[in-house]
Amino acid sequence: MKTYAESFFIGEARVSQTDPTYFIADIAANHDGDLNRAKDLIWLAKEAGADCAKFQHFEASKIVSDFGFQDQALAKGHQAAWEKSVYQVYDQYHTKKEWTDDLIQECKKADIAFMTTPYDLEAIEQFAPLVPAFKIGSGDITYHQALKHAASQVKPILLATGASTMEDVIAAVDCVLSLNSELCLMQCNTNYTGDIENFRYVNLSVLNTFANRWPGLPLGLSDHTPGHSAVLGAITLGARVIEKHFTDDNARTGPDHAFALNPTTWSEMVNASRELEMALGDGVKRVEANEAETVIIQRRALRTNKPLSAGTRLTAADIIALRPCKVGECQPFNLDQVIGKRLLRATSKGEALRWDLIE
């Protein structure tokens, strides 16, 4: 018996492997510490086709150790370009909790869901009454206390799985499902450089691994690669929650602007994804409604290659397979059934053979 739900709701949007993709615009730190910018980004995300505007709530002292990050060996990757210490950057760019009411009201005005990633136990408790779901970042996949605390709030959990092993994922999933059946498991690669080489590591086939382990469990992708290839591939493999960082200007200074999508590229992603969803179909092979004419004009019927009189016993030499083929006309695979039969009436050259023409 399954311990997880195959569908759940984020607000009024149903999430499952067969529903339209749910797009989360992760505004995160891209408000640059300015409430008005945060509000503007909410509206831009909505206009670009996002279903949700997501923020990140943390306090520097509760997420990073200033002492720990003074180790110069850790100054690598995208953080190496930061002009301030890791602790200072986290302190500067966090979403202020006193903005909460303003952000929620702005999301309501824009008709877009408000969500956050809470990075401490207090934030989980504060936002539980305010959000339709919780997104848990990859870095907290081993923070089982937080996973259980979030799961206990009876909100859907969107769990990113970047920089983790399958054993890490299984343990985290077990934590959530022990308290909450509503889970979306999100493949992720947590390299934020925007390097084209990161496509080698996004490993979308992990979605198949997740689907085999937990059949029917809603899947997603939290993505940091450039462009839309990873997103489209993930949707093809069954992901129906997509999270990407969102900004209004990739040239701005800040930790997340460079690899985020902007209003133009976000709209392109959503439009391409909606086209892909239509193209994926339901898996039933059929003559489609828009092929009704094509199936006639492209298929061949068995036709007489010369005028024939009534009573003629048909031979292979009397017959040629030519387009078109209307309903009820004999097709090339009927040739053996037609040869040796007599015509019930005379036929013109090129006339299609029908079963009511032959004995």
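What you find for Trp266 and His245 is that their closest heavy atoms are CZ3-O, 4.2 Å. Across Arg37 and Asn30, no two heavy atoms sit closer than the pair NH2-O, 2.6 Å. Nearest heavy atoms, Tyr192 versus His224: CE2-NE2, 3.2 Å. For the pair Gly162 and Ser138, the tightest heavy-atom approach, listed with the atom from each and the gap, is N-OG, 2.7 Å. Annotation for Ser164 and Ile141: closest pair OG-CD1, 3.8 Å, computed over non-hydrogen atoms.
Between the side chains of Gln56 and Asp26, at least one donor-acceptor pair of N or O atoms lies under 3.5 Å. Checked by atom type, the side-chain pair Asn191/Asn198 shows a donor-acceptor distance below 3.5 Å. No side-chain donor from either of Trp355 and Glu329 sits under 3.5 Å from a side-chain acceptor of the other. Side-chain contact, Ser85 with Gln88: a donor N or O sits under 3.5 Å from an acceptor N or O. Defined by atom type and a distance below 3.5 Å, a donor-acceptor pair is present between the side-chain atoms of His149 and Glu125. Thr95 and His31 are linked by a side-chain donor-acceptor pair at a separation below 3.5 angstrom, with hydrogens and angles left out of the test. Looking at Gln337 and Asn334, their side chains do bring a donor and an acceptor atom within 3.5 Å of each other. Defined by atom type and a distance below 3.5 Å, a donor-acceptor pair is present between the side-chain atoms of Lys54 and Thr117.
Rounded to the nearest 0.5 angstrom, Ile235 CD1 and Leu280 CG are separated by 8.0 Å.
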- Task: Begin from the C-alpha positions of Arg240 and Asp19 and carry the test salt bridge (Lys or Arg N to Asp or Glu O under 4.0 Å) through to its verdict.
- Result: CA-CA 7 Å; Arg240 288 300 180 270; Asp19 280 290; over 6 Å; no

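Counting non-hydrogen atoms of neighbouring residues, nucleotides and ligands closer than 6.0 angstrom, the NZ atom of Lys62 exceeds 12 such neighbours. The number of heavy atoms from other shown groups lying within 6.0 Å of NZ (Lys97) is above 12. Around CZ of Arg286, the count of heavy atoms belonging to other residues, nucleotides or ligands within 6.0 Å exceeds 12. Within a 6.0 Å sphere centred on CD of Glu293, other residues, nucleotides and ligands contribute 12 heavy atoms or fewer.
The side chain to side chain contact (heavy atoms under 4.5 Å, CB included) test with Thr304 singles out one residue from Leu353, Asp318, Ile320, Thr312, and that residue is Leu353.
Partners of Asp101 by side-chain hydrogen bond (donor to acceptor under 3.5 Å, both in side chains), not counting sequence neighbours: none found.
Note: the hydrophobic cluster containing Ile136 does not contain Ile63 (ILVMFWY, side chain heavy atoms under 4.5 Å, direct or indirect links). Leu177 and Val15 end up in different hydrophobic clusters when Ile, Leu, Val, Met, Phe, Trp and Tyr side chains are linked at under 4.5 Å.
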